[in-house]
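In what follows, a single structure is set out as structure tokens and then discussed.
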Number of protein chains: 2
Amino acid sequence: MMDLASLAIFREVARERSVTRAAELLGRVPSNVSTRIQQIEAEIGVPLFQRDKRPMELTKEGEIYLDYVDRILNLADEAQQTVNPATPAGVLRVGSMESTAAARLPGALAQFSLKWPQVTIDLSTAPTRQLVDALLANRIDCALIAVPEGEWWLAQDELDKVPIFREDLMLLLPPGHPEVQHPGEIKPRALAAFAPGCTYRMLSEEWMMGLGPARSALRIHEVRSYHAMVACTAVGSCFSILPRSVLDLVPEVSRFTTRYLMRADTWLATRPGYKTPAFQVFREMLLDSSDIKGTNNNAAE
Amino acid sequence: MMDLASLAIFREVARERSVTRAAELLGRVPSNVSTRIQQIEAEIGVPLFQRDKRPMELTKEGEIYLDYVDRILNLADEAQQTVNPATPAGVLRVGSMESTAAARLPGALAQFSLKWPQVTIDLSTAPTRQLVDALLANRIDCALIAVPEGEWWLAQDELDKVPIFREDLMLLLPPGHPEVQHPGEIKPRALAAFAPGCTYRMLSEEWMMGLGPARSALRIHEVRSYHAMVACTAVGSCFSILPRSVLDLVPEVSRFTTRYLMRADTWLATRPGYKTPAFQVFREMLLDSSDIKGTNNNAAE
DNA sequence: GACTTAAATTCTGAAAAAGAGAATACACAT
DNA sequence: ATGTGTATTCTCTTTTTCAGAATTTAAGTC
């Protein structure tokens with residue numbers, strides 16, 4: 001019958017599109033990997049790869065099967081971790097906003113991988129909205145997201161959440177720009193921001209709208225990184241809004257004109273009930289490096 | 001590494017609480033089953049059974065692990081079926097209302113198991129509400145439920161649905177009871193009905209309330225089967241509301257007073273995207289034995 | 001279109017694991 | 001205590017997995 005090892009082999013080959021590379025990564029010999037794939041194909045009765053293409057390509061069925069295999073292997077990993085909490089180990093799939101990944105995670109993650117070398121952290125970044133989707137679709141295990149205070153477009157108990165970082169959202173204006181009190185006084189025509197789904201962008205847009213009725217047509221220049229965002233602002237063509245913790249990383253911030261806007265805390269969210277030891281130590285680690293130390297974070301216990 | 005066969009063995013032993021019986025059911029020898037269990041325990045590092053109890057009992061970790069194993073094996077089965085639609089096979093977990101199971105399924109299922117002996121049908125019954133929960137929690141694969149026309153407490157696209165049976169909801173009054181036009185004219189004090197979550201019960205209550213304002217305190221006698229419901233009504237202490245198809249099964253119905261109330265169609269629902277060949281032939285079979293033949297049932301194709 | 005190259009597959013013998021069946025240990029009953 | 005039905009251990013046989021060499025195959029190069 002089917003072996004989880006075979007499924008892991010299939011997953012690796014599918015990812016690498018190569019028997020040889022997969023074999024190296026798995027510490028096996030190519031002939032072995034090749035046969036295991038063929039065994040799976042024989043068992044399910046469907047070819048998984050197109051052998052007549054040289055960078056090996058998955059067949060349509062292969063794609064579907066890979067999706068199932070991913071879910072099965074994640075479940076198996078989670079089962080192992082949940083049932084034997086003695087040793088945090090395995091994979092923890094972390095999703096994070098760009099800002100948190102830039103300003104908060106590097107230190108914490110370095111520390112974490114030293115203390116828990118058995119845990120592999122799989123980090124990906126995306127805007128808050130997409131992170132929530134990924135979480136609910138089981139593509140990641142936990143996410144660092146910005147929850148706008150008060151209103152919240154996700155049902156109350158659809159996710160477990162703990163506040164982790166207190167962030168001040170700052171207005172960043174080009175160097176030499178005069179201080180402003182109202183959105184209307186901002187000179188650059190466009191806001192540099194991330195793709196839709198980003199909570200900060202949403203908050204920024206609200207602030208612009210709410211206070212400056214004249215500024216009804218807010219232009220948005222979409223960027224893919226904070227470096228790009230700051231660069232655009234430095235040049236004077238845009239202004240931007242970003243957390244103070246990221247601002248602190250910008251060399252020579254003092255040349256820019258900045259202004260405090262609002263609070264926007266970062267939360268650590270999971271699917272309800274997800275509680276592997278790897279995740280628990282990860283959460284502890286984040287709370288330790290946090291400025292909101294030990295507030296209401298025992299609700300989930 | 002872990003073998004799906006091992007997981008299936010563990011599941012069987014956990015179900016049967018016996019190595020010997022599990023071995024028989026799986027066509028294996030007990031020593032083999034015993035060792036596979038021990039291999040799993042060695043791999044996950046946690047004992048799954050309490051060996052000092054004689055009907056073997058799962059440990060706490062065993063319970064948790066069993067839950068994961070169930071999900072993993074169901075996924076694997078679904079993967080196999082989805083990816084190779086050639087041969088409908090494997091397990092199809094069907095949930096049904098009591099009424100449908102009584103009046104509609106026996107014939108259809110008998111026919112089905114003759115035509116598709118490779119498919120094992122796992123039938124359970126529950127009220128509509130609970131069936132929907134079970135479906136979303138992945139405890140069953142499809143469900144035969146009553147969707148009240150118009151209003152519907154489930155989000156539009158949370159489930160895929162097809163109408164299967166046209167049901168007439170009938171009022172059943174004790175033998176000799178005079179014909180009624182309004183709820184107020186009903187003599188028995190109590191309605192015999194299933195547990196809350198039953199759509200028919202909900203519709204019944206609405207009908208009673210909507211038309212008879214005097215009858216504000218409707219007493220409900222909860223029953224667990226239609227036989228009990230009919231028996232209570234025969235005795236004269238209750239009245240009841242049930243689909244005509246079930247009524248047709250009652251011996252000597254003609255002695256009772258009956259009256260048509262409303263339509264309440266039965267739908268076949270699945271999680272969105274669930275489409276194994278076993279399910280597809282099951283759906284075809286139901287549609288064939290249905291009175292709503294081939295209406296709007298190609299939306300899901 | 002032949003040649004090169006890198007990669008997948010097939011073939012083979014050695015090593016490891018799983019299986020059956022008999023013997024043993026164990027929990028619960030009387 | 002002693003018997004009975006189960007689970008486990010032990011031993012041997014069969015099956016499967018694995019590594020390494022040989023072979024085939026797909027794509028790029030002259």
Side-chain angles (χ1 to χ4, degrees), chain A residues 1-63 65-66 69 72-73 76 80, chain B residues 1-63 65-66 69 72-73 76 80:
Chain A
M1 203 200 184
M2 196 75 71
D3 185 352
L4 288 191
S6 296
L7 299 186
I9 290 172
F10 164 64
R11 179 178 60 178
E12 201 62 49
V13 174
R15 276 184 189 157
E16 296 295 322
R17 318 177 93 70
S18 154
V19 170
T20 320
R21 271 201 301 279
E24 273 170 31
L25 290 170
L26 295 165
R28 288 165 181 272
V29 94
S31 66
N32 187 10
V33 170
S34 185
T35 13
R36 300 279 290 224
I37 300 283
Q38 290 172 58
Q39 285 172 352
I40 302 180
E41 291 177 321
E43 175 154 349
I44 67 176
V46 167
L48 294 168
F49 290 96
Q50 298 175 274
R51 313 309 167 102
D52 50 351
K53 290 275 160 54
R54 199 35 95 147
M56 278 179 102
E57 241 174 73
L58 281 170
T59 58
K60 188 161 51 58
E61 291 80 15
E63 299 276 6
Y65 199 67
L66 176 60
V69 165
I72 290 171
L73 291 174
Q80 164 68 60
Chain B
M1 203 199 182
M2 195 76 69
D3 186 352
L4 287 191
S6 295
L7 299 186
I9 289 172
F10 164 64
R11 179 177 60 178
E12 202 61 48
V13 174
R15 277 184 188 158
E16 296 295 323
R17 315 171 95 62
S18 153
V19 171
T20 320
R21 272 201 301 280
E24 271 169 31
L25 290 170
L26 294 164
R28 289 165 180 271
V29 92
S31 65
N32 187 10
V33 171
S34 185
T35 2
R36 297 283 278 228
I37 300 283
Q38 290 171 59
Q39 285 173 349
I40 301 179
E41 291 177 321
E43 176 154 350
I44 67 176
V46 167
L48 293 168
F49 290 97
Q50 297 175 272
R51 312 320 235 271
D52 50 352
K53 290 275 158 55
R54 196 35 88 147
M56 277 179 101
E57 239 172 75
L58 282 169
T59 58
K60 188 162 50 62
E61 291 80 15
E63 298 277 6
Y65 199 68
L66 176 59
V69 165
I72 291 171
L73 291 174
Q80 165 67 57

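Every value quoted in this text rests on a predicted model; they were computed, and no experiment measured them. The chains referred to below are lettered A, B, ... by the order of the sequence lines, with proteins before strands, and numbering in each begins at 1.
Listed for the A:Glu41 side chain is a donor-acceptor partner under 3.5 Å among the backbone atoms of A:Leu48. For the pair B:Arg21 (side chain) and B:Glu16 (backbone), a donor-acceptor distance under 3.5 Å is present. Without hydrogens or angle criteria, A:Thr35 side chain to A:Ser31 main chain gives a donor-acceptor distance under 3.5 Å.
Mapped onto DNA chain D by nearest heavy atom, A:Ser6 and B:Pro30 fall at different nucleotides, with B:Pro30 at the one closer to the 5' end. Of the two residues contacting DNA chain D, namely A:Gly27 and A:Lys53, the nearest-nucleotide position lying further toward the 5' end is that of A:Gly27.
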Considering only nitrogen or oxygen atoms on both sides, find all protein atoms under 3.5 Å from nucleotides 22-26 of chain C and state each distance.
residue : atom : partner : partner atom : Å
C:dC26  : O2   : B:Arg54 : NH2          : 2.9

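Note: A:Glu12 CD to A:Ser18 OG = 10.0 Å, rounded to the nearest 0.5 Å. A:Arg11 contributes atom CZ, which lies 11.0 Å from atom CD1 of A:Ile72 (distance to the nearest 0.5 angstrom).
By the 4.5 Å heavy-atom criterion applied to side chains, B:Phe49 and B:Thr59 are not counted as neighbours. A heavy-atom distance below 4.5 Å is found between the side chains of A:Arg51 and A:Met56. Using a 4.5 Å cut-off on side-chain heavy atoms (C-beta onward), A:Val19 and A:Ile37 make no contact.
The shortest non-hydrogen separation linking B:Val13 to B:Ala22 is CG2-CB, 3.5 Å. Among all heavy-atom pairs drawn from B:Leu58 and B:Gln50, the shortest one is O-OE1, 3.6 Å.
Counting 5' to 3', DNA chain D first comes under 4.0 angstrom of a heavy atom of chain A and last does so at the ends given by D:dT17 to D:dA27.
Applying the side chain to side chain contact (heavy atoms under 4.5 Å, CB included) rule to A:Met2 yields the partners A:Leu7, A:Ile40, A:Glu43, A:Ile44, A:Tyr65, B:Leu4; only residues at least two apart in sequence or on another chain are considered.
A straight line from CG of B:Leu26 to C1' of C:dG19 spans 14 Å, rounded to a whole angstrom. For the pair B:Asp52 CG and C:dC28 P, the computed distance is 7 Å after rounding to whole Å.
The overall bend of the helix from C:dG1-D:dC30 to C:dT30-D:dA1, read as the angle between its terminal helix axes built from five base pairs each, is 30° when rounded to 10 degrees.
Interface residues of residues 10-20 of chain B facing DNA chain D, ordered by number: B:Ser18, B:Val19, B:Thr20; criterion, heavy-atom separation under 4.0 Å. In the region residues 32-43 of chain A, proximity to DNA chain D at under 4.0 angstrom, judged on heavy atoms, holds for A:Asn32, A:Arg36, A:Gln39.
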Check: Step by step, would you call B:Asp3 with B:Arg36 a side chain to side chain contact (heavy atoms under 4.5 Å, CB included)?
Finding: CA-CA 9 Å; B:Asp3 186 352; B:Arg36 297 283 278 228; 3.0 Å; yes

Item checked: Candidate pair A:Phe10 and A:Leu73, rule side chain to side chain contact (heavy atoms under 4.5 Å, CB included), full reasoning -> CA-CA 11 Å; A:Phe10 164 64; A:Leu73 291 174; over 6 Å; no

Next item on the list: Take B:Glu57 and B:Arg17 through the test side chain to side chain contact (heavy atoms under 4.5 Å, CB included) and record every step on the way to the result.
Entry: CA-CA 7 Å; B:Glu57 239 172 75; B:Arg17 315 171 95 62; 3.6 Å; yes

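There is no side-chain donor-acceptor pair under 3.5 Å between B:Thr20 and B:Glu24.
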